[in-house]
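Okay, structure first, notes after.
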2 protein chains.
Amino acid sequence: MKSSARKNATTTTGKPGSKVTLGMVAEACGVSPSTVSRILNGTAVVSQEKREAVDRAIAELGFIPNPIARGLAGGRTLSVGVVTQAIDSPFYGVALRGIEEELSPAGYSPLFVSGHWNAQEEQRCIDVLRSRRVDGIIVLTGRLSDEALRKLAKELPVVVTGRSLKASGLYALDFNDFEGARLATHHLLSQGHRQIAFIAGDPVHPDAQERLRGYRAALEAAGVPYKPSLVLPGKFHEESGLMAVERLIDSREPFTAIFAANDQMAFGASLALHRRGLRVPEDVSLVGFDDLAGAAHSLPPLTTIHQAAHELGRLAAQALLQLLAGQKPSGKLPEPRLIVRSSTRPLK
Amino acid sequence: MKSSARKNATTTTGKPGSKVTLGMVAEACGVSPSTVSRILNGTAVVSQEKREAVDRAIAELGFIPNPIARGLAGGRTLSVGVVTQAIDSPFYGVALRGIEEELSPAGYSPLFVSGHWNAQEEQRCIDVLRSRRVDGIIVLTGRLSDEALRKLAKELPVVVTGRSLKASGLYALDFNDFEGARLATHHLLSQGHRQIAFIAGDPVHPDAQERLRGYRAALEAAGVPYKPSLVLPGKFHEESGLMAVERLIDSREPFTAIFAANDQMAFGASLALHRRGLRVPEDVSLVGFDDLAGAAHSLPPLTTIHQAAHELGRLAAQALLQLLAGQKPSGKLPEPRLIVRSSTRPLK
DNA sequence: TTGTAGGCGTTATCAC
DNA sequence: GTGATAACGCCTACAA
């Protein structure tokens, strides 16, 4: 039962996967490549004996099918592209894990690319993914136009998060940023706060705008006038939260609570307050958004809006898998929840 | 200058990258595929006029070369595998970004897979990468045996971090965990602390063991006896740091400082201390390890050991690129640095 | 049930 | 300089 491959002078002795091809397996047990292919893919019925011989040869030679060639021939690559914005984002990182967990058992490999919140770069990412012939694409939020996504979906199954959008071949998983921000603001209002500062996110992020809307809506519902001077621009990272609070304090605009459009800015805000001698929550109540892993262990533990990032990833991957299988996805993201910890308290 | 592809009935009007092939470009301007290929790869000199015609056709048709086919034909895929341990690790995430930044401009795409600190899973990851015919592999730390890596390096260029190892086709980027831990411990000792607790990491991580060694070495150098009762097991995440401190306090073992084997555990420790009414740094000094993005903005800002994660990623990618180009990498990681912030102070 | 003959999109090796 | 032609490893008709 020795391999007798002509082309390869190698002795092909169980060197797992080195360069063993389907053809070599076929030759090794005297059948045609098609037969081996059929066995591998269950494309047709093959006699018991040949099947066994081939299985044995596969094991002995340590043959691993080459997805590349498979892709070229069959038009599938068993890989899906994932457009994330920053591979090291604490929030989306968790979603990536969810995607990986869901895709892996299905035999698909994710191909991660980063768009850096820049429509042009995102488009380039998508070109890369297409050139690599991914079977489908997951777009985590980002700034591509709805139009661009619709067009993309005509070529490939697409799942997009962070917006609601309908088109054939496309499934959108929207998370309710508006409601989350409304909940956070409402929580502060219900504790008697009226002068609630808002540290906004970068307005180029779609999320940021929704969160601002939610903040305003809650104020309005409570009959509290919206004051632009209480809204500070931020960039979604710690340092920007810190600077926003410094500016706020310097402006002498009175406030008793702060709602930061994400946890990272809340952490920065917390440090700025501390530096200025203000305690959380005794002097100022603070609410974040996202419920990052660190929020529960910050000092004080941060009251925040829980976003199901991990679930987001899983659902996105599931939806894509369903699209790929010709089914209609139906998963929905859970609504954002308020997680009350220790950074807020009723206004005295 | 209209396309006149026979096989494709499509009108191929600038639909970027849809399914335009090299052959179609060739046909569009009446040259052979080889010529187009040569122009694309600079494999040989081509006449000015043909080059221009082809360039124009490429632009007009929106042709994007297919790396898949390229890989099949040329034995290269322009993709490199990256074995990380958890795609959402706050520390390694930054390294992934570094890798991406370095690989992208070189035309390579990273293929990220997660081994979850499990040698078996890591091996499976590597099989996946090999089956996808990556041109090289970067292994971020992990638990594979040196032997397995050596074997792998015989087939592919390999760059591995977190260990020192020599073999042809392999480049190791070791970071000095020992020295980092020694520095951290020494810092506390130099401030007069003698009862220094150590929250260890999961001993299955190679890093964890080195950091424990560094801690012990510093104690020894200062003539402070090593007390096993001051060493608490941890798991590298916040919650384990929190529980370690609770156990420590419950044990009634006196201590004036804590060195946590990573920042996440330090954050958890900080919260536990707070809950038990102990202030940082007034009552207890605290040092972390890694210098995560959040460390500078925690309360109080955490004194820690800076690990150049981003640099780690860049260097690893550079080294692999050099290996791929047949050169000998020589990059070295900067030594760990102590970053003194506000969580430590001299013992009264 | 099985084998043969393309073809997928590109590159490498020849001749010309 | 340039163009055929044959791989690359697999899959899918089609034929036997």
Side-chain angles (χ1 to χ4, degrees), chain A residues 5-8 10 12 17-54 58 61-79 130-133 135, chain B residues 5-8 10 12 17-54 57-58 61-79 107 130-133 135:
Chain A
R6 272 190 315 255
K7 310 178 204 165
N8 290 50
T10 53
T12 41
S18 12
K19 240 113 221 202
V20 189
T21 72
L22 181 148
M24 290 165 61
V25 173
E27 205 165 352
C29 42
V31 299
S32 77
S34 349
T35 302
V36 178
S37 172
R38 284 193 264 264
I39 292 177
L40 247 40
N41 305 295
T43 318
V45 193
V46 179
S47 74
Q48 188 64 20
E49 47 174 346
K50 303 219 168 182
R51 154 171 281 119
E52 277 168 14
V54 168
I58 287 179
L61 299 177
F63 165 70
I64 302 179
N66 180 339
I68 304 288
R70 226 203 268 253
L72 230 205
R76 283 180 343 144
T77 52
L78 289 179
S79 66
R130 273 204 318 208
S131 79
R132 294 204 174 258
R133 299 298 189 268
D135 296 338
Chain B
R6 272 192 314 256
K7 309 179 203 164
N8 289 48
T10 51
T12 39
S18 13
K19 240 116 223 200
V20 189
T21 72
L22 180 149
M24 290 165 60
V25 172
E27 207 165 350
C29 43
V31 299
S32 75
S34 331
T35 302
V36 178
S37 173
R38 283 193 265 265
I39 293 178
L40 248 39
N41 304 294
T43 318
V45 193
V46 177
S47 74
Q48 188 64 22
E49 46 174 347
K50 302 219 169 181
R51 153 172 282 118
E52 277 168 13
V54 168
I58 287 179
L61 300 176
F63 164 69
I64 302 179
N66 181 339
I68 305 288
R70 229 203 267 250
L72 229 206
R76 286 179 340 146
T77 53
L78 288 180
S79 66
R130 273 204 319 208
S131 80
R132 295 206 173 256
R133 299 298 189 269
D135 296 338

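Proteins get letters first, then strands, A, B, ... in listed order; numbering begins at 1 in each. Side chains are part of it too, since the values below use all heavy atoms of this structure and drop only hydrogens, waters and symmetry mates.
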Do N66(B) and T21(B) come within less than 4.5 Å of each other through their side chains, counting heavy atoms only?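 SC-SC contact between N66(B) and T21(B) ruled out.
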
Atom [atom1] of [X] and atom [atom2] of [Y]: how far apart are they, to the nearest 0.5 Å?
{"X": "E27(B)", "Y": "L61(B)", "atom1": "CD", "atom2": "CG", "value": "11.0 Å"}
{"X": "C29(A)", "Y": "E49(A)", "atom1": "SG", "atom2": "CD", "value": "11.5 Å"}
{"X": "I64(B)", "Y": "R132(A)", "atom1": "CD1", "atom2": "CZ", "value": "12.0 Å"}
{"X": "L78(B)", "Y": "S131(A)", "atom1": "CG", "atom2": "OG", "value": "9.5 Å"}

Just the rounded figure in Å: distance from [atom2] of [N] to [atom1] of [X].
{"X": "R130(B)", "N": "dG9(D)", "atom1": "CZ", "atom2": "P", "result": "15 Å"}
{"X": "R51(A)", "N": "dT1(C)", "atom1": "CZ", "atom2": "C1'", "result": "12 Å"}
{"X": "E49(B)", "N": "dT2(D)", "atom1": "CD", "atom2": "C1'", "result": "12 Å"}
{"X": "I39(B)", "N": "dG1(D)", "atom1": "CD1", "atom2": "P", "result": "13 Å"}
{"X": "L78(B)", "N": "dC8(D)", "atom1": "CG", "atom2": "P", "result": "20 Å"}

In this structure, which one of I39(B), T35(B), N41(B) forms a side-chain contact (heavy atoms from CB on, under 4.5 Å) with S37(B)?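 Among the candidates, only N41(B) passes.
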
Generate the contact string for nucleotides 10-16 of chain C. Rules: B means base contact, S means sugar-phosphate contact only, - means no protein heavy atom under 4.0 Å. BSB----

